[in-house]
Amino acid sequence: MSKLKLDLPTLQNWDCHNCSGCCRQHGVFITPEEKARIESQGWTAEHGIPANQPLVLKHKTGMFSAASYRLAQQPDGACVFLNEQGLCRIHARFEEAAKPLACRIYPYAFHPKSRQVTVGLRFSCPSVVRNLGTPVVQQAKNIQHIADLALKNTDRDIAAPRLTNTESPDWPDILQFVEALDQTLATRDDFTTKLLRALNWIKLVSESKFDKVRGPRLTEFLQLIRDAVAADTPASTETPPRPPAVARVQFRLLVAQYARKDTFADIEAGIRGRWKMLLTALKFARGRGVVPALLDGCVGVQFLALERPFGGLPAEADEIFTRYFRIKIQSMHFCGKAYYDIPLVEGFVSLALIFPTILWLARWRAASQDREVLGVDDVVTAITIADHHHGYSPAFGMSGFRRRVRILDQLGAVTTLCRWYAK
Ligand code: SF4
């Protein structure tokens, strides 16, 4: 089989800095072959695995779904193979190639882009958010090897994402929309202004008909509306109106979905777990009193305290948000196969909502440390939390989440929320 042609991000650096965050947060699903390999590696108490500790568990999501396998976890939720030094025991004994493929892929993500595979990164890794390490383009050989392993049995003939529910241009044209969105965010303006422009641009796209506009005419048209929104979008420095109450309710419920850290123990707790989730959702819908303690270290904060201005974005946040959004767009991680098969326009609105969500989470972290101004660490931590689910949690592709995004869009609240929480 011919090698996959990879499209690598030029904006991003990354090396693993062994913070062990991914080994504590992610469930690792493995194949039957990986299960057999791990079980034959002879793990004993001498290697730090207690005799009664299972290595692999059967994972079943529903009565009629097929069972799969995942690595077991220690009582604190960390991977069973994470050692006291925060390192992987499989890696230490047998080198990287012996680890499950899911661990070797992280934090990379491979998505179809016409005849190519585009490489994105998961911002649940703090080193990705902070852009730490070797330029990704210089790691092409290793990434190619992992991509070839990961995608060897997958269909390479993937249809382009739809533009809207009614329009489905071919790959060359849909890539023009992706490129135009990326360019909207590539300017040197402040990030909030760029995002507001992109949202106005996507609104114009959603209101236009493209069935007869293709190829070079499309290029011209997209440039035209980019120029129009650049001239029309108010600067983000203007005082924003408060989002309407109904939008604030929907938005808080959306934030709660991003903030929820579902451990397998919670998921498997059945009715008790669901009841806990329902109570939390009710508190977020009400938005009064103290925010339920969903995040480690974020306790005793009043909902109301998160609605006052927090001194704007920290200086470094502009670069971080610009890179985050551009990597998501360039790697198509907001629509089509890489994002629950959602059309491009809806997917971008969904992606845009992660901006006020991150800022809400960042405010929550700052307020729980009695600070009234956001620091870059608040933003970095909030991105790692929000990105953990975006494009990965099955709930985000379901009708409930999509309806919430649609309601906020129909209320015209997405831009208001972006402006309100950027202050
Ligand atoms: S979260 Fe990132 S830096 Fe931390 S261990 Fe995982 S890959 Fe390495």
Side-chain angles (χ1 to χ4, degrees), residues 109 111-114 118 120 158-171 173-185 194-211 213 218 221-222 225-226 229 233 243 246-247 249-251 253-258 321 324-358 386-387 389-418:
H111 305 136
K113 191 174 190 180
S114 189
T118 177
I158 307 275
R162 288 166 296 148
L163 179 65
T164 60
N165 282 331
T166 53
E167 298 221 45
S168 304
D170 292 337
W171 271 113
D173 284 335
I174 207 80
L175 290 181
Q176 290 210 52
F177 288 92
V178 174
E179 168 73 13
L181 257 183
D182 183 44
Q183 287 308 311
T184 307
L185 294 167
K194 291 190 287 192
L195 182 59
L196 297 179
R197 272 187 205 142
L199 280 164
N200 287 343
W201 183 87
I202 212 85
K203 188 165 187 301
L204 281 180
V205 166
S206 73
E207 290 164 352
S208 308
K209 287 262 165 278
F210 292 97
D211 46 345
V213 189
L218 179 63
F221 182 75
L222 295 181
I225 56 174
R226 261 184 64 203
V229 294
T233 307
V246 58
V249 171
Q250 291 297 332
F251 175 66
L253 287 167
L254 183 113
V255 171
Q257 282 187 276
Y258 274 104
F321 276 120
Y324 176 71
F325 270 73
R326 292 193 67 198
I327 296 281
K328 292 283 156 191
I329 291 167
Q330 291 174 2
S331 66
M332 313 282 299
H333 201 182
F334 69 105
C335 61
K337 279 282 166 265
Y339 194 72
Y340 316 109
D341 246 330
I342 285 176
L344 182 143
V345 166
E346 180 187 341
F348 185 74
V349 174
S350 199
L351 179 64
L353 277 166
I354 208 171
F355 177 64
T357 301
I358 289 166
D387 193 66
H389 292 302
H390 194 83
Y392 289 97
S393 165
F396 283 43
M398 287 181 184
S399 55
F401 186 89
R402 291 181 66 180
R403 199 176 323 115
R404 186 155 292 137
V405 171
R406 227 171 10 249
I407 291 171
L408 287 168
D409 193 23
Q410 284 162 359
L411 288 169
V414 183
T415 52
T416 323
L417 287 163
C418 292

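Below, each value reflects all heavy atoms present in this structure, side chains not excepted, and no hydrogens, waters or symmetry copies. Numbers here are sequence positions counted from 1.
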Shortest non-hydrogen separation from F210 to L163 and the atoms involved = CD1-CD2, 3.7 Å
Say you draw a straight line from CG of L253 to CG of L408; how long is it, rounded to the nearest 0.5 Å?
-> 9.5 Å
Please collect all side chain to side chain donor-acceptor pair (under 3.5 Å) contacts where either partner lies in residues 407-416, sequence neighbours excluded, each pair once.
-> none
Checking T357 side chain against Y258 main chain: does a donor-acceptor pair fall under 3.5 Å?
-> no
Under the salt bridge (charged side-chain N to carboxylate O under 4.0 Å, His left out) rule, collect the residues that match up with K194, sequence neighbours excluded.
-> none
Using the six-membered ring wherever Trp is involved, compare the ring planes of F401 and F396 and label them parallel, tilted or perpendicular (cut-offs 30° and 60°).
-> parallel
Kindly state each residue pair satisfying salt bridge (Lys or Arg N to Asp or Glu O under 4.0 Å) with at least one member in residues 200-211, sequence neighbours excluded.
-> K203-E207
Could you tell me if the ring centre of Y339 sits under 6.0 Å from that of H390?
-> yes
Could I get the full list of ring-ring contact (aromatic ring centres under 6.0 Å, His included) partners for Y324, not counting sequence neighbours?
-> F123
Under the salt bridge (charged side-chain N to carboxylate O under 4.0 Å, His left out) test, residues paired with R197 that sit two or more places apart = D189
Got a sec, which pairs hit salt bridge (Lys or Arg N to Asp or Glu O under 4.0 Å) with one end in residues 333-358, sequence neighbours left out?
-> K337-D341, E346-R402
If you round to the nearest 0.5 Å, how far is CD of E167 from OG of S206?
-> 10.5 Å
